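Only one structure is covered here, and it is reproduced in the block below.
This structure is a prediction, so every number in the text was calculated from the model and none was measured.
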Amino acid sequence: MDSDVDVGRRLIAFRESRGMNQVQLAKELSIAKNTLNGYETGERPLPADKAKRIRERFGISLDWLLYGDIGQPGYEIAVKLGPKPKINADAKAAAAQKPAAKRHKTANR
């Protein structure tokens with residue numbers, strides 16, 4: 001994760017882009033204005049649960065908020081894959097957990 005100051009700067013930029021003041025955003029996040037001020041100034045680290053709440057309430061990417069990464073997949077890809085996409089490793093792990101299928105011999109006529 002970037003420094004707390006960098007995360008705070010992005011939090012300020014987000015809040016200002018929404019036309020919100022600290023009191024309004026703090027209310028949306030169910031925290032005190034002083035707590036939000038601590039996140040924004042970098043005096044306090046932004047806890048994961050508050051970052052998640054920002055993502056859920058406002059649709060802000062955690063990659064951007066916490067790391068400054070703007071290279072996340074596009075909206076169409078994200079919708080297609082969903083929040084928990086299946087990957088090849090999942091299929092291999094599931095196959096390894098299945099018991100071997102019993103083979104039945106068929107009588108030749």
Side-chain angles (χ1 to χ4, degrees):
M1 186 163 77
D2 278 356
S3 74
D4 294 334
V5 172
D6 291 334
V7 172
R9 290 175 58 87
R10 285 190 289 275
L11 191 55
I12 292 168
F14 155 72
R15 178 177 54 75
E16 290 178 348
S17 75
R18 296 290 178 126
M20 300 174 81
N21 61 36
Q22 283 186 331
V23 172
Q24 292 167 321
L25 182 56
K27 184 176 178 181
E28 287 286 331
L29 300 177
S30 301
I31 59 174
K33 177 190 169 281
N34 292 343
T35 301
L36 177 61
N37 186 59
Y39 301 154
E40 290 186 352
T41 60
E43 293 173 10
R44 301 177 109 165
L46 180 65
D49 65 316
K50 299 305 180 207
K52 183 178 176 185
R53 185 173 295 160
I54 292 169
R55 183 194 70 200
E56 291 169 349
R57 302 273 300 197
F58 301 103
I60 297 299
S61 162
L62 291 182
D63 288 336
W64 176 77
L65 183 60
L66 300 177
Y67 303 100
D69 182 10
I70 58 172
Q72 72 245 358
Y75 175 78
E76 293 82 19
I77 294 171
V79 169
K80 181 179 178 183
L81 296 177
K84 295 182 181 179
K86 301 288 183 195
I87 58 174
N88 289 335
D90 293 339
K92 289 178 184 176
Q97 291 179 352
K98 289 183 181 177
K102 294 182 182 178
R103 296 184 182 183
H104 298 286
K105 292 184 179 181
T106 56
N108 290 340
R109 292 186 178 186

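- Within the structure, salt bridge (charged side-chain N to carboxylate O under 4.0 Å, His left out) pairs that include any residue of residues 23-40 comprise Arg15-Glu40, Glu28-Arg57 (at least two apart or interchain).
- Between Leu29 and Thr35 there is no side-chain heavy-atom pair separated by less than 4.5 Å.
- In terms of the side chain to side chain contact (heavy atoms under 4.5 Å, CB included) criterion, residue partners of Lys52 (sequence neighbours excluded) are, by chain and number, Arg55, Glu56.
- Hydrophobic clustering (ILVMFWY, side-chain heavy atoms < 4.5 Å, transitive): Phe14 and Ile12 are in distinct clusters.
- Residues Tyr39 and Ile60 share a hydrophobic cluster, clusters being chains of Ile/Leu/Val/Met/Phe/Trp/Tyr side chains in contact below 4.5 Å.
- At a threshold of 4.5 Å between side-chain heavy atoms, the hydrophobic network of Ile, Leu, Val, Met, Phe, Trp and Tyr places Met20 and Leu36 in one connected group.
- Of all non-hydrogen atoms in Thr41 and Val5, the two that sit nearest each other are O-CG2, 4.0 Å.
- Asp4 CG to Leu66 CG: the interatomic distance, rounded to the nearest 0.5 Å, is 10.0 Å.
- When atom types are taken as modelled, the side chain of Arg18 and the backbone of Phe58 share a donor-acceptor pair closer than 3.5 angstrom.
- Checked against salt bridge (Lys or Arg N to Asp or Glu O under 4.0 Å), Glu43 has no partners two or more places apart in sequence or in another chain.
- Of all heavy-atom pairs spanning Leu62 and Ala51, the tightest one is CD2-O, 3.2 Å.
- When every heavy atom of Leu11 is checked against every heavy atom of Ile54, the shortest pair comes out as CD1-CD1, 3.6 Å.
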